[in-house]
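Here is the structure we will look at, set down as structure tokens.
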Amino acid sequence: MADRSTVKMKLTFPRGKQQPGETVEVPADEVHRWKGFAELVKDEPKADDAAKTAGDKNPASGNVPQKAAGK
């Protein structure tokens, strides 16, 4: 998991060997220094995480053991 004291930013300007479009982690208290060089990246849950939370919200469609055929 990401540490709350850092934020992810996407470079909009070359910085050393890093090129625009690359994602970097920046200390949260130094975000103001990156203004003009990078923009904040919103953390979006991955598809797997979304599927897990969707299953938790709807218990009727959760894991229900199925009976074997013919028994």
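Note that the structure is predicted; figures quoted are calculated from it, not measured.
- Side-chain contact between Pro27 and Ser5 is absent, with no heavy-atom pair separated by less than 4.5 Å.
- Thr6 places no side-chain N or O within 3.5 Å of a backbone atom of Glu25 that could act as its donor or acceptor partner.
- Side chain of Glu22 to main chain of Gln19: a donor-acceptor pair is present (N/O by atom type, distance under 3.5 Å, no hydrogens or angles).
- Between Pro20 and Phe13, the shortest heavy-atom distance links the atoms CG-C, 3.9 Å.
- Rounding to the nearest 0.5 Å places NZ of Lys35 at 10.5 Å from CE of Met9.
- The distance from the CD atom of Gln18 to the CZ atom of Phe37 is 12.5 Å, given to the nearest 0.5 Å.
- Residues Val41 and Val31 fall into different hydrophobic clusters, defined by Ile, Leu, Val, Met, Phe, Trp and Tyr side chains chained together at heavy-atom separations under 4.5 Å.
- For the pair Leu40 and Val7, the minimum side-chain heavy-atom distance is below 4.5 Å.
- Closest non-hydrogen pair, Gly36 versus Thr12, comes out as O-OG1, 3.5 Å.
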